[in-house]
Student: 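Take this structure first; my questions come after.
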Amino acid sequence: MRLNSERFLRDLHALRGFGAAGVGKGVIRPAFSEADVEARAWLKGRMLDAGLTPHLDPVGNLFGLAYDRSLLLGSHSDSQPEGGWLDGALGVIAGLEVARASVEAGGPPISVVSFQDEEGRFGVTTGSAIWSGQIALEEADALSDHEGIGFGDARASMPGRAETFVDPDRFTGFIEMHIEQGPVLDQANDQIGVVSGIVGIRDMKITFGGEQNHAGTTPMALRKDAFQALSDFNTRLNDRFRNVITPRTVWTIGHVNLHPNASSIVPGRVNFSMQWRDADADRLLHLERIVRDTASELAEERQISLEFGPLLGLDPVAMDPGLRNALRSGAERVAPERWRDMPSGALHDATNVSRLMPVAMLFVPSIGGISHNFAEDTAEEDLVAGLRVLAHAVGCLGQ
Ligand code: HGY
Ligand code: MN
Ligand code: MN
């Protein structure tokens with residue numbers, strides 16, 4: 001097949017225009033936002049032009065279906081609240097370019113997908129989690145974002161959704177191209193990463209309820225300060241995790257909502273996100289026990305209330321050896337001496353899709369290892385190299 005790298009790059013930059021924000025190439029395009037809905041409408045048009053049959057499913061996953069059973073390529077086109085132009089979008093547009101080039105070459109049939117809410121405005125990789133049966137639709141509809149907007153209401157507001165989900169049996173496998181979002185390839189001056197496995201994740205919201213009071217007249221010993229509780233929780237957790245973690249274990253308190261968030265009021269409530277990731281499912285469980293025990297112990301000591309939200313998560317998954325070998329062959333062809341096998345510390349839709357079919361992933365470098373940041377970027381020659389590896393793998397698989 002003859003790839004058209006100018007067309008590929010042109011579409012990547014066009015997609016960046018939906019929700020373009022900040023300096024450089026940043027985007028703000030969270031799931032079901034106006035920018036996301038417009039971007040998917042544009043993608044639908046590009047899929048039609050490519051000779052694919054668009055199908056927007058009930059939860060906003062947008063498929064471009066080939067005329068026959070096929071390999072599925074893609075990723076997601078929603079972004080973090082402050083996102084980069086390539087996270088997810090790269091895999092969708094690379095998949096579209098390979099599918100187009102394949103149609104122009106007379107085959108093989110290739111389908112494309114842009115999953116919805118991979119970035120977890122509502123859940124964790126919500127759109128592909130629902131499609132793969134990782135989470136029931138009813139359960140997902142009850143999820144809400146940090147502003148209290150429900151997933152069910154958000155998806156209901158999206159025009160053009162079909163009544164039905166696409167049958168996964170239409171596909172023989174899934175390959176997701178993505179930026180690495182970390183420093184490994186960039187620091188090694190490598191161009192391609194062939195993913196060996198994707199870490200697991202656990203994510204929950206925790207609320208400490210103390211006592212809102214006057215910041216001047218309330219003696220320290222009489223306070224039930226929700227921020228102090230969170231601060232104490234974080235210190236104890238860092239200490240207790242020490243004996244359990246490996247250098248690749250990560251954990252993040254990324255969202256904190258302090259109430260009422262005023263300088264002269266002792267905060268009476270704090271709601272925060274608690275997220276941890278590891279390549280080992282048993283260790284994820286061990287860390288969960290530490291999280292729950294530490295929060296409970298602290299609430300008891302401080303005589304404050306404690307509420308755990310639903311625990312969301314995905315287990316670690318290994319990539320399919322056959323699809324991986326096709327990618328390795330492409331990497332050796334396109335970037336000899338400049339590629340490596342590597343794990344993924346970021347989460348991807350491929351984790352959910354692995355419940356349905358063989359999956360594999362390939363990475364291209366992130367400049368400075370930066371992602372989930374307006375400054376996220378990748379050199380264009382690396383983007384095109386990744387596209388060529390993807391197309392080579394599709395050719396190898398002859399699907
Ligand atoms: O958080 C992640 O790993 C993904 O980028 N949503
Ligand atoms: Mn992503
Ligand atoms: Mn992301």
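These numbers come from the heavy atoms of this one structure, side chains and all, not from hydrogens, waters or symmetry mates. Atoms within each ligand, like the ligands themselves, are counted from 1 in listed order.
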Student: Starting from atom 1 (O) of ligand 1, which protein heavy atom do you reach first, and at what distance in Å?
Tutor: R277 NH2, 2.7 Å
Student: Only heavy atoms of E118, strictly under 4.0 Å: list the atoms of ligand 1 that pass.
Tutor: 4 (C), 6 (N)
Student: Checking one value in my table: which N/O/S atom of H76 lies closest to the Mn ion (ligand 2)?
Tutor: NE2
Student: Counting backbone and side-chain atoms alike, is an N, O or S atom of E118 positioned under 2.8 Å from the Mn ion (ligand 2)?
Tutor: no
Student: Is a donor from one side chain sitting under 3.5 angstrom from an acceptor on the other, for N271 and T207?
Tutor: yes
Student: Between T125 and N352, do the side chains contain an N or O donor and an N or O acceptor separated by less than 3.5 Å?
Tutor: yes
Student: Does a donor on one side chain sit under 3.5 Å from an acceptor on the other, for R338 and N189?
Tutor: yes
Student: Is H348 close enough to the Mn ion (ligand 2) to have an N, O or S atom under 2.8 Å?
Tutor: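 Checking the Mn ion (ligand 2) against H348, no N, O or S atom falls under 2.8 Å.
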Student: Looking only at distance, does G345 have an N or O less than 3.5 Å from an N or O of ligand 1?
Tutor: no
Student: Could you check whether D293 pairs with R236 (Lys NZ or Arg NE/NH1/NH2 to Asp/Glu carboxylate O, under 4.0 Å)?
Tutor: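 No, D293 and R236 are not salt-bridged.
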Student: What atoms in ligand 1 come closer than 4.0 Å to a heavy atom of A346?
Tutor: 3 (O)
Student: If you measure from atom 6 (N) of ligand 1 to every heavy atom of E119, H178, Q80, which option wins on shortest distance?
Tutor: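 It is E119 that holds the nearest heavy atom.
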Student: Starting from the Mn ion (ligand 2), look over the N/O/S atoms of D87 and name the nearest one.
Tutor: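 It is OD1, the N, O or S atom of D87 closest to the Mn ion (ligand 2).
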Student: Indicate yes or no: does an N/O atom of H372 lie under 3.5 Å from an N/O atom of ligand 1?
Tutor: yes
Student: Would you call R292 and E288 a salt bridge, using N to O less than 4.0 angstrom?
Tutor: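 Here R292 pairs with E288 in a salt bridge, since their nearest N and O are under 4.0 Å apart.
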Student: Does NZ or CZ of R202 fall inside the cone over W276's six-membered ring, less than 6.0 Å from its centre and within 45° of the axis?
Tutor: no
Student: Looking at F122, is its backbone amide N or carbonyl O close enough to the side chain of D117 to form a donor-acceptor pair, meaning the two atoms are under 3.5 Å apart?
Tutor: yes
Student: What part of H76, side chain, backbone, both or neither, has a heavy atom within less than 4.0 angstrom of ligand 1?
Tutor: neither
Student: Mark yes or no for whether S264, through its side chain, and A215, through its backbone, hold a donor-acceptor pair below 3.5 Å.
Tutor: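 Here the side-chain-to-backbone pair does not exist.
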